[in-house]
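Below is one structure, written out as structure tokens; comments come after it.
Worth saying up front: this structure is predicted, and the values here are computed from it rather than measured.
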Amino acid sequence: MRRFVLVLIYGSNDEVQGLVNKHLIDSGFSVLPNVIVSWLPQQELERKLLNIKEELIDIMERGFEGEFAYAVIELTDEQFKAVRPMIVRRLEVDCQRLISWGEALLRRIRSQRIEGIKKRTPPV
């Protein structure tokens, strides 16, 4: 089975969280806020997390205050099977949100077409 890694992240404020999101956006699947399941090699994730730390240190030298902590846990097959229902639930929620967004968009398009037809149709 493919190796998965669980990344737990703590950012003390929105700025730190934004920095984390910027660096880890393509690193895995966000199951919960600050919890990512990744299929990338652990070394690559560690490199990305060290880049976050370095950038945060640079920002802190200019007076910014914030905290950042993380844990990278390589999941065994059993541990991944335990986390898998959370991934499925998150995918279901995301899918439902996407379906709702698409349906709302379709309703808006249809409504605009009807309004456009009413405006162009001469009164009887």
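Between Leu49 and Val20, every side-chain heavy-atom pair lies at or beyond the 4.5 Å cut-off. A 4.5 Å side-chain heavy-atom check between Val5 and Val37 finds every atom pair outside the cut-off. Contact of the Leu24 side chain with the Ile9 side chain is registered, since non-hydrogen atoms from C-beta on lie closer than 4.5 Å. Side-chain contact between Tyr70 and Val72 is present, with at least one heavy-atom pair separated by less than 4.5 Å. Within the 4.5 Å cutoff, the side chain of Val7 has heavy atoms near those of the Leu45 side chain.
Taken to the nearest 0.5 Å, the CG atom of Asp94 stands 4.5 Å off from the CZ atom of Arg90. Atom-to-atom distance recorded for Phe4:CZ and Thr76:OG1 is 12.5 Å, nearest 0.5 angstrom. Here the straight-line distance linking atom CE of Met86 with atom CG of Leu91 works out to 11.5 Å at 0.5 Å rounding. Once rounded to the nearest 0.5 Å, the distance linking CG of Leu19 with CG of Asp14 reads 12.5 Å. Here the CG atom belonging to Leu6 is positioned 8.5 Å from the CD atom belonging to Gln79, to the nearest 0.5 angstrom. Taking CZ from Phe80 and CZ from Arg3, the interatomic distance works out to 11.0 Å, rounded to the nearest 0.5 Å.
Note on Lys81 versus Asp77: no salt bridge recorded, every NZ/NE/NH1/NH2 to OD/OE distance being 4.0 Å or above.
Heavy-atom minimum distance, Pro85 versus Ala82: CD-O, 3.3 Å.
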Pairs under 3.5 angstrom only: tabulate donor-acceptor contacts from the side chains of residues 55-69 to other protein residues two or more places apart or in another chain.
| residue | atom | partner | partner atom | Å |
| --- | --- | --- | --- | --- |
| Glu55 | OE1 | His23 | NE2 | 2.8 |
| Glu55 | OE2 | Lys22 | NZ | 3.0 |

Donor-acceptor pairs are to be reported for all side-chain atoms of residues 25-36 against protein atoms at under 3.5 Å, with residues two or more places apart or in another chain.
| residue | atom | partner | partner atom | Å |
| --- | --- | --- | --- | --- |
| Asp26 | OD1 | Lys48 | NZ | 3.1 |
| Ser27 | OG | Lys48 | NZ | 3.1 |
| Ser30 | OG | Leu32 | O | 3.2 |
| Asn34 | OD1 | Gln17 | NE2 | 2.8 |

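The closest donor-acceptor contact from the side chain of Ser100 to the backbone of Gln96 lies under 3.5 Å.
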